[in-house]
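Only one structure is covered here, and it is reproduced in the block below.
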Amino acid sequence: MNMRLKLAIIAAVMVVAQACSGAASPAPAQSTQADIDLSGAPVALTLWHTQTGANAAALQAMVDRFNSTNGKGITVTLQYQGSYTQLYQKNLSAIQAGALPELAVAYESFVADYMKADVVLNLDPYVNSAKNGLTKDSQADIYKPYYDTNRFPQFGNQLLSFPFTKSLFLQYNNEDILKEIGKSDPKTWDEFEATAKAASKVGPDGKPTRYGWAITINASNFNGWVLSRGGQLMSADQKTVAWDQQPAIDAVTMMKRMIDNGSAYVPKGFDYQTDFGTGKAAFVQESSTGRPFFVSSFKQPINWSLSSIPQKDPAKAQTVQYGANIAIFKSTPEKQLASWLFVKWFSDAAQTAEWAVKSSYMPVRKSAQDTDTLKNSWKTDVQGKQAFDLIGTSVPEPNVRGQQDIRTVIEDMLNAVVAGKVTDIPAAVKAAGVKANQILKDNQ
Amino acid sequence: MASSVVARPQSVPRVRGRVVLKHLVLASVAIVIAFPFYWMLTTAFKSFFEATQFPPTAFPHELHLENFATAWGDAPWAGFFRNTLVIGVAVTLGELVTSVLAAYAFARLEFKGKGAIFFILLATYMIPGEATLIPNFVLVTRYLHMADTLQVQIIPFLASVFSVFLLRQHFRSIPNELADAAKVDGAGHLRFLWGVVLPLSIPVLVTVTLITGLGVYDAFQWPLLVTNSDAVRPVQVGMAQFRTEFGAQYHLEMAAATFVIAPVVVIFLFAQRYLIQGVARTGIRG
C-alpha cells in the first residue's frame, strides 16, 4: 500500500470518527487555548459590573483575595458601569470602539446581542479542559438550569456565559395575615386568588386597607406566571414565542380581575417591600434576592416565608430563573484563560457560598449547602434556605437575539391592561406575541 | 365742543383682581418647582420608615442628621467632587475662550463665507447629542485613546455652538461707534474685545459660565460611557451608585442628592441677577 493510499484511509477514518462523535450536545473537544499554562507574567483583567453598596464592597473584597492568592499573576479590576441597561449599552458601544473589557456581567439577552459581533468566548473548551477546566463531578455540582440558561441554541448551543448573580422568582407570604384568615400558603392559582380575596380588607370609607397581592409588573414575572401555568416561553425551534397562548391569557386575566375586585394592586417603585412589611399586602411575587431589602423595611418583625409561586400542577412546579451571568470576551489566549480561571474560582463552593451570604443571590453549586458559611447563614436567613431548596424549579428565560426588545413588548402590554387601556386581554396577548415574533424575525 | 376719547381708568378692584390672579399663578408655578426640593430636603432628614411611609409626613418627626454622614461614607464623594470641579473649571474656561473669540469673529469681522460657516455651525447644534454619542465614543476610545481620563470629559466640550450663538447675539448689539472710537485710539480687535466688549458683556458671560458649568455638573451619560474608574468620575455618576437593583434607601439617596445639589443652588443664588440680565439682553427665551 503506497503512502498516499494510507494517508487517504487514515483521513477517511478520522472523518468518519469525527462524524460519529458529533452529538447534539457541545463537543467536549479540548482547545489548545484552554489548555495553555500561564507563565506567571502579570495578566490584567477588567470586569464590568453593576453591583452597588454592600454588594460592591463584598465583591471587591473577594476579588482582592483572588488577586492576592491566585499565584498566576492575574489581577482583576472591578469597574462599576451603572445599571444593567447602561452596562449593556456601554458594551455595545465598546464593541464598536474595540474597547471591550475582558469580562462583563450580562443577561442572556445581552450576550445574544453581543454575539452579532461574535465577540463572546465559547466557554465549553475551558469548562471541559483537562488542565484548567472542571471535573465531571464538579460540572454536575452546578445546577443544570444555570447551564441551560447559558447555552445558546441560536449559536450552536455554545456555553457563552457562566452563572454569577442567580436568583429565582418566588412568592413572599405574610404568615401573620394567613394565620389571621386561617389559610395556608396557596399552592395553585385558584387557591391563590381565593386566599388573596380573603386577605383583602376594606375600610369604613369603602377603600381597600389591605390587599391580597402587591403586583410587580415586569417581563420576567410574566414569564414566571406562564411557566407556572404549564406554558412555554419559546417554540422548539426558538424562532417564535410560545407565551402568547392560554396560560398567559389566564394569568393576565386573573391579574386584571384581582385588581378590579380590590384584592390586588400595583404599588409604585419598591413600595411593595414596605407594604408587605406593614401588612398592607399578604403576598408579593418577586426575586429571592430581595430578601434583605424586605427585612430592612419591616418596622416590626413579622412572620413570613418564601414559597414557590402558585402552580397549575404543584407537583411539576416551575418558576422563572432570574439573575445575570458573566461573559468573557475574546482577547488573547492568556487573558481568556485568566478570565476563565477567575470565573472558575468564583464559582467554587467556598466562594459561591460566601457570595450568596453576602449578596443574597443564590449559590450556583449544590455542594455550597454543605459549607459552614451557608449553614450558619441559614440559621437566621431561613427564607434563604427556602429559596435554595427551590432552585431546581427555576427555568431559564429565552436567550435569543431580540429578547431585550421583547421584554418591552410584554411590559407595555401588561401596563396597558393594568391602566385599563386594553380590555380585550386575549387580543392584547396575541398582539404582543405578533410584535414579539416580528422582533425575532428581524433579529434572525 | 371738541370730542375726545378718554381712556376710562380701570377700577381698583379689577386691577387688584388681576394682581391677585397673577400672584396665584406665580405662586402655583413656584410650588410646582419648589416641591421636589422640599421633598428631597425633608426626606433627607427622615428615618427609612418615615421616608417610605404612606401617606408621607409633611416634616420629619425626628431629624436624622446621620443620614448625611452615612451617605457621604457610602461613596468616594470627595473624589467625585474634586473631579467635577476640575472638569467644570477647565470646560468653562476653555469654552469661554473659544466662544468669545468665535462669537466676536462672527459678530464684528467680515470674512468670506461667514454666513455659510455660521449656518453650518448652527446646523450642528440641531443634531441631537444621542446621535453622535457612539461615534464620539469610538473616536475618543479607539483613535484618541482617551478613555477613562479627565481629559475625555473636558476636551470635547471646549467649544459650544450655543455659547457662540449667545455671545454673538450680544456682541452684535454693541454700538459700532464704540468700535470706531477704539480704532481711532489705535486699538486692534483683541484690545477692543478685551477693553470694551467683554466689560460690557459681563451678564452674558456669567450666563454662559452658568449654563456651561451646570451642564458639566449635570453630565451623566457621557462620563458614564467614557469612564470606568471612580478616580476620574464626576458626582452624577457617583449618585447612580446609590441605586440598587432590589431596593431603595430613599432617605440616603435624598441626603446624597442634597449635598450634590447644594453647590449649584448656592452658585445660582449668587449669580441669578446676572443670569436673568444675560438672558434678557440676548433675547434668548427658555
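Excluded from the calculations below are hydrogen atoms, water molecules and symmetry mates; all remaining heavy atoms, backbone and side chain alike, are included. Every chain is numbered from 1 and lettered A, B, ... according to where its sequence line falls, protein lines coming before strand lines.
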Using modelled atom types and a 3.5 Å cut-off, is there a donor and acceptor pairing between side-chain atoms of B:Arg142 and backbone atoms of A:Ala94?
no
When only pairs under 4.5 Å are counted, which of [options] shares the most heavy-atom pairs with chain B?
options: A:Thr278, A:Thr274, A:Asn55; result: A:Thr274
options: A:Gln86, A:Lys299, A:Gln96; result: A:Lys299
options: A:Thr289, A:Asp275, A:Thr77; result: A:Thr289
options: A:Ser360, A:Ser287, A:Gly269, A:Gly82; result: A:Ser287

Which of B:Leu139, B:Asp148, B:Val140, B:Thr227 touches chain A most, by non-hydrogen pairs under 4.5 Å:
B:Thr227
Interface moiety of B:Ile134 toward chain A, non-hydrogen atoms closer than 4.5 Å
side chain
Taking side chain as everything from C-beta outward and backbone as N, CA, C, O, which of these in B:Tyr143 sits under 4.5 Å from a heavy atom of chain A? Side chain, backbone, both or neither.
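Neither part, no heavy atoms under 4.5 Å.
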Can you tell which part of [X] gets under 4.5 Å to a heavy atom of chain B, answering side chain, backbone, both or neither?
X: A:Phe294; result: neither
X: A:Ser93; result: both
X: A:Gln273; result: side chain

Crowding at CD, B:Gln221 (>12 non-hydrogen neighbours, <6.0 Å)
no
How close do B:Val226 and A:Lys90 get, heavy atom to heavy atom, and via which atoms?
N-NZ, 4.3 Å
CZ (B:Phe137) and CG (A:Leu92) are apart, to the nearest 0.5 Å, by 10.5 Å
CZ (A:Phe270) and CD (B:Gln249) are apart, to the nearest 0.5 Å, by 10.5 Å
Using a heavy-atom cutoff of under 4.5 Å, enumerate the residues of residues 62-93 of chain B that contact chain A, numbered in order, or state 'none'.
none
Proximal to chain A - members of residues 36-51 of chain B, heavy-atom separation under 4.5 Å
B:Phe48, B:Phe49
Counting C-beta onward and ignoring hydrogens, is there a side-chain heavy-atom pair between A:Trp48 and B:Asn228 closer than 4.5 Å?
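A:Trp48 vs B:Asn228: side chains touch.
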